[in-house]
Enquirer: 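Okay, here's the structure, questions in a sec.
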Amino acid sequence: MKEISKQFDFKKRESEIYDLWEKSGFFNPDNIKSSKKYCNVLPPPNANGELHLGHACGYTVMDIFGRFERMNGKKVLLLPGKDHAGIQTQVVFERKIKEERGVSRHELGREKFYEDCYDFCQSRSGYMRSQEKRIGISADWSREKFTLDPDVLKIALETFVKLYKDGLVYKGKRIINWCPRCATALSDVEVIHKERQGKLYYIKYPIKDSKEFLTVATTRPETMLGDTAVAVNPKDKRFLSFIGQKLILPLQEKEISVIADRRIDMEFGTGAVKITPAHDPLDAKIGKDHKLEEIQVINEKAQITEEGGKYAGLDVLVAREQIVKDLKELDLIEKEEDLVNNISICERCKTPIEPLISDQWFVKVDDEKRSLKKEVLASIKAGKIDIYPENFKKILINWFANLEDWCISRQIWWGPQFPVWYRGEEIYVGLEAPKENKSKGAWIRDENTLDTWFTSGQWPYTTLGYAKGKDYKNFYPTDMMIMGRDILFFWATKMLLLGTYRTGKVPFKNLYFTGLLLDKDGKKFSKSKGNGIDPLEAIDEFGADALRLSLVMDIAPGQDARIYEEKIESFRNFVTKLWNIFRYCHQSSEDFRLVEKISKKDLKTLADKWIVSELEETALKTTQLMKEKNISLAQDVLRKFTWDSFAAWYVEINKLEKNTKVLGYVLDRILKMWHPFTPYVTEEIFSILNSGEKILMVSVWPKSEKRFISSDTKKNFADLVDLITSIRNIRSIYRIDPAQPLEVYCDKKIEKEIVEKLARVQIEKSRKFEKKKMIKISTSKRSVYLDIAKSIDIEKELENARKEIGELETLIAKNEGMLKNKNFVAGAPKEIVEATKSRIGEYQSKLKAKRDLEKDLEKL
RNA sequence: GGGCAAUUAGCUCAAUGGCUAGAGCAUCUCGUUUACACCGAGAGGGUUAUAGGUUCGAGUCCUAUAUUGCCCACCA
């Protein structure tokens with residue numbers, strides 16, 4: 001027999017086992033014969049990124065479901081891919097070429113920049129792929145896609161063309177979020193808000209032909225250069241007489257009107273607001289309704305434009321200081337207040353956003369002819385997608401209900417260029433430029449680049465080869481989509497929107513959110529804080545199986561969870577436990593092997609019957625929980641069975657009452673049920689026991705043999721456990737030397753060997769001993785007498801016994817009360833009533849035992 | 001301002017309206033009994049945030065309140 005180490009050598013074996021899986025070909029669903037299918041298109045990470053814990057957590061969940069479904073006989077497709085991640089990658093690559101080649105992207109030119117960046121992503125994606133594999137994901141790498149692969153991109157761009165033809169995408173001048181550093185427009189979700197200490201300036205606007213002023217409050221005085229009105233709330237009695245009057249805009253010396261708009265908050269500032277339609281989203285709306293002029297005074301470099309007169313060319317912050325200074329000289333600043341306000345910053349580079357009016361492309365989400373947002377809302381409300389956790393449905397509904405048009409044009413180079421061509425006044429939308437007619441001049445392509453989420457938002461069907469691809473026909477709509485709750489608004493919503501539009505179907509039947517992973521103090525992981533856990537280091541130290549468990553156990557979907565080394569370590573310990581259970585089984589007998597089927601006659605002892613009964617119950621519960629997507633509870637049930645029932649009790653008893661067949665049967669089933677969660681260690685054990693001839697990954701998920709489940713057996717075994725525990729308890733309390741087996745007397749039938757070994761006692765079977773001088777430990781069915789009267793504290797024991805008697809009496813009274821209640825008997829399910837009755841029986845026999853003990857103690 | 005959650009043992013978290021609310025870690029006591037010290041036995045530790053309500057029955061459902069966190073938003 002081969003020597004087996006005390007721990008699973010994951011460092012050496014993980015990569016070898018992964019190779020074995022890959023070579024088997026079963027990551028590819030084409031190699032599985034079945035009519036049932038399961039598909040999960042994996043979220044594409046940034047092609048030049050690195051695996052972080054968030055990815056690892058997501059992949060673990062995806063792989064657990066994937067492996068579970070595969071073992072249930074389905075053709076499982078976990079389709080991996082990579083994202084080009086527009087703005088983010090452009091920033092990284094620009095920095096890289098600057099450092100390495102000393103060139104800017106402008107020096108390279110758009111075409112060359114794109115080519116080089118493409119090569120960069122291709123070269124880096126292999127690195128990312130190797131990291132993804134280490135977590136053990138059973139994905140079909142032969143189908144791996146990249147968002148800019150020609151076949152994928154073609155389908156995505158066709159969607160744009162179709163949207164254009166349907167009138168659902170349009171180009172228009174609208175106020176957008178502009179990042180001066182990235183030099184691009186951003187969609188609303190790419191902007192985050194942060195509190196900053198700022199100042200609120202109260203500026204006096206002179207009233208025309210009067211010496212009076214109207215004071216407005218603003219945090220951005222520089223925008224006043226573009227003011228075209230001052231607005232007050234029509235309900236505000238203070239300003240009723242001002243409405244319609246003319247003001248003189250200071251510095252610009254222009255006439256502007258006082259208008260009334262109910263969107264003005266009367267409580268804030270002075271109640272009068274300066275309106276700059278070109279540089280504030282609310283002002284833009286008010287301006288539109290009141291037909292105000294839009295004067296652009298800030299440009300795309302966050303500098304004042306020619307419209308700003310003498311301030312032209314200044315950076316906004318410099319202009320702000322200058323304007324405040326000038327106003328002070330004119331005595332037009334009433335006061336300044338400190339104010340904490342929310343400013344918008346770029347999600348990527350944290351630069352303050354400048355709201356600008358700009359010519360951009362938008363997806364119309366609520367068109368009169370076809371409202372995409374209403375279609376998605378209807379699907380969600382109709383329950384076409386199961387969402388985990390369920391309450392995220394409300395978040396989605398709320399978001400879609402308030403959705404505004406989506407800005408999809410970016411002024412960057414890295415990403416798909418718009419499939420739009422111009423020639424003079426003509427516009428053409430299509431995948432390729434129209435055939436040139438030289439006499440009329442050349443077609444010039446639109447410089448804009450599509451938002452990254454426009455392509456990743458189509459991921460479920462572009463990767464499957466919409467609309468004629470075999471995979472599309474087989475696997476769409478997909479079964480499962482799993483993502484971190486932080487990208488819900490970025491990604492889940494876009495997939496629903498575009499998937500519904502293009503395919504007419506929701507892109508996935510189940511949508512599962514993982515929470516965010518936090519450090520031990522509940523803080524977000526961040527590079528600058530240096531509090532991150534590198535998943536690869538964790539795998540090196542504790543093994544991929546341990547990391548997988550720590551990322552999904554005791555964690556509810558959508559809820560944030562803390563993760564830290566000790567936690568991963570405790571799951572590593574579990575993996576070792578599993579390994580040692582195998583080690584015991586393997587060494588217990590020469591002819592030990594895994595057993596797939598067992599019959600009643602193989603169950604010889606109480607312990608045999610009990611462990612199989614527990615096993616079948618566990619299989620039943622675990623399978624049910626997996627189907628309900630409750631992986632955390634499923635593992636909890638499995639863990640309790642594996643460690644508490646099988647390792648702690650059955651294996652110990654098996655040492656006395658050898659039953660190799662039962663051992664082989666239970667091990668076979670727990671290996672299979674653990675496999676989706678801890679694939680490496682289970683595959684390794686399975687491989688050793690089958691001499692490498694079979695693969696656990698494609699073995700069949702156990703079906704519960706309900707005929708072995710017996711509540712009588714359960715009760716009977718629990719009674720034995722109760723007796724052993726009671727003796728252990730006494731031993732521990734009175735510190736009875738473990739080296740000297742305790743003498744115990746017994747006058748009834750009992751599992752002598754088991755009790756002797758597990759409770760470390762020596763049983764004297766006899767009818768003749770002096771019961772009077774002994775302490776009787778009894779349970780419902782078993783009892784022993786301990787000759788320890790001399791060494792125990794009788795008063796204390798009496799007190800304990802009486803306390804427990806009291807507790808039991810209360811319990812019995814409570815349960816009997818329930819049975820006396822007619823409403824309970826009539827209203828509660830029959831099983832509950834029955835359970836209550838049998839519970840009373842148990843309590844009563846325990847009570848009797850305690851009363852006997854009380855009597856014994858009193859006699860002493 | 002709107003929305004979503006959370007509040008359970010010292011800490012981190014479970015618990016499908018129904019068994020004496022459970023785990024892991026930490027603490028304390030004891031132990032190497034040949035699968036495992038990455039282990040085993042035992043112990044202590046709870047008014048399930050507060051106040052009401054629904055129900056035969058509530059940690060779980062409802063309504064308030066408090067505290068904390070997250071997301072959205074148009075406080076200039």
Side-chain angles (χ1 to χ4, degrees), chain A residues 4 6-7 188-189 193 200 216-220 223 231 263-265 267-269 272-276 280-286 339 341-342 389 391-392 394-395 398-399 402 485-486 488-489 516 520 522 542 553-556 558-564 566-567 569-588 624-625 628 630 632-633 636 639-640 644 647-648 651-652 655 725 728-733 735-739 757-760 807-808 810-811 814-815 818 821-829 831-833 835-836 838-839 842-843:
Chain A
I4 290 168
K6 285 186 176 183
Q7 284 112 34
D188 293 339
V189 289
H193 302 275
L200 186 62
V216 300
T218 181
T219 52
R220 301 195 59 195
T223 61
R263 282 166 284 198
I264 304 301
D265 180 359
E267 307 292 320
F268 190 86
V273 184
K274 58 189 272 315
I275 300 296
T276 323
D280 182 277
L282 177 60
D283 292 7
K285 279 185 194 168
I286 292 175
L339 177 79
N341 69 330
N342 273 330
N391 65 282
F392 274 48
K394 287 191 223 164
I395 299 176
N398 190 36
W399 191 84
N402 297 309
R485 61 143 238 257
D486 52 328
L488 188 159
F489 298 125
L516 299 186
K520 205 173 182 179
F542 301 110
M553 272 187 99
D554 291 343
I555 290 176
Q559 288 294 330
D560 294 350
R562 298 179 192 204
I563 181 156
Y564 36 87
E566 294 93 312
K567 199 167 170 179
E569 193 181 0
S570 77
F571 288 112
R572 188 269 324 261
N573 294 351
F574 176 76
V575 171
T576 304
K577 191 75 187 179
L578 206 53
W579 181 257
N580 276 291
I581 289 172
F582 148 69
R583 234 176 124 225
Y584 168 76
C585 294
H586 190 49
Q587 294 170 358
S588 69
Q624 184 58 29
L625 287 163
E628 290 165 8
N630 194 339
S632 182
L633 256 192
D636 199 43
R639 176 170 53 172
K640 278 185 179 132
D644 302 345
V651 166
E652 290 307 319
K655 289 174 184 170
T725 310
R728 282 171 172 175
N729 193 336
I730 291 273
R731 288 192 70 113
S732 180
I733 288 171
R735 301 197 190 162
I736 294 159
D737 186 358
K757 176 148 198 295
L758 299 191
R760 287 197 60 72
E807 279 166 6
L808 284 164
T810 313
L811 274 173
K814 186 183 150 196
N815 282 281
M818 283 162 75
N821 183 334
K822 279 175 200 158
N823 291 327
F824 171 71
V825 179
E831 313 89 75
I832 300 294
V833 180
T836 308
S838 76
R839 215 180 304 144
E842 282 168 39
Y843 296 151

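Numbered from 1 within each chain, the chains take letters A, B, ... in sequence-line order.
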Enquirer: Partners of A:Lys814 by side chain to side chain donor-acceptor pair (under 3.5 Å), sequence neighbours excluded?
Expert: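 Testing A:Lys814 for side chain to side chain donor-acceptor pair (under 3.5 Å), a comparison that skips the adjacent residues, returns none.
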Enquirer: Taking side chain to side chain donor-acceptor pair (under 3.5 Å) as the definition, give me every residue that meets it alongside A:Asp188, ordered by chain and number, with sequence neighbours left out.
Expert: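 A:Asn177.
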Enquirer: Report which part of the nucleic acid A:Lys577 touches: base, sugar-phosphate, or nothing (heavy-atom distance under 4.0 Å, all strands).
Expert: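 Answer is base: heavy atoms of A:Lys577 come under 4.0 Å of a base.
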Enquirer: Taking atom types as they are modelled, is there a donor-acceptor pair under 3.5 Å from the base of B:A14 to the side chain of A:Gln559?
Expert: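 Not at all, since no donor on one side and acceptor on the other fall under 3.5 Å apart.
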Enquirer: Hey, does the side-chain of A:Arg572 have a donor or acceptor N/O within less than 3.5 Å of a partner on the base of B:C38?
Expert: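 Flag set: donor-acceptor pair detected.
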Enquirer: Just the dot-bracket of RNA chain B, please: which string comes out with Watson-Crick or G-U pairs under 3.5 Å, [ ] for crossing, | for another strand?
Expert: (((((((..((((....[...)))).(((((.......))))).....(((((..]....))))))))))))....
Enquirer: Classify A:Leu625 by what it touches in the nucleic acid, base, sugar-phosphate, or nothing, heavy-atom distance under 4.0 Å.
Expert: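 Here A:Leu625 touches the bases of the nucleic acid.
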Enquirer: Once you apply a heavy-atom cut-off of 4.0 Å, does A:Phe571 come out as touching a base, just sugar-phosphate, or nothing?
Expert: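 It contacts nothing in the nucleic acid.
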Enquirer: Just call it for A:Lys822: base, sugar-phosphate, or nothing, with non-hydrogen atoms closer than 4.0 Å on any strand.
Expert: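 Here A:Lys822 touches no strand at all.
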Enquirer: List the protein contact pattern of nucleotides 69-76 of chain B with one symbol per nucleotide (5' to 3'): B for base contact, S for sugar-phosphate-only contact, - for none; contact means a heavy-atom distance under 4.0 Å.
Expert: -SS-BBSB
Enquirer: According to ring pair (Phe, Tyr, Trp, His ring centres under 6.0 Å), who are the partners of A:Phe489, at least two apart in sequence or on a separate chain?
Expert: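 So A:Phe489 forms a ring pair (Phe, Tyr, Trp, His ring centres under 6.0 Å) with A:Trp399.
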Enquirer: Could you run down the sub-3.5 Å N/O contacts of the protein with nucleotides 55-63 of chain B?
Expert:
{"unit_1": "B:C56", "atom_1": "O2'", "unit_2": "A:Asn821", "atom_2": "ND2", "d": "2.9"}

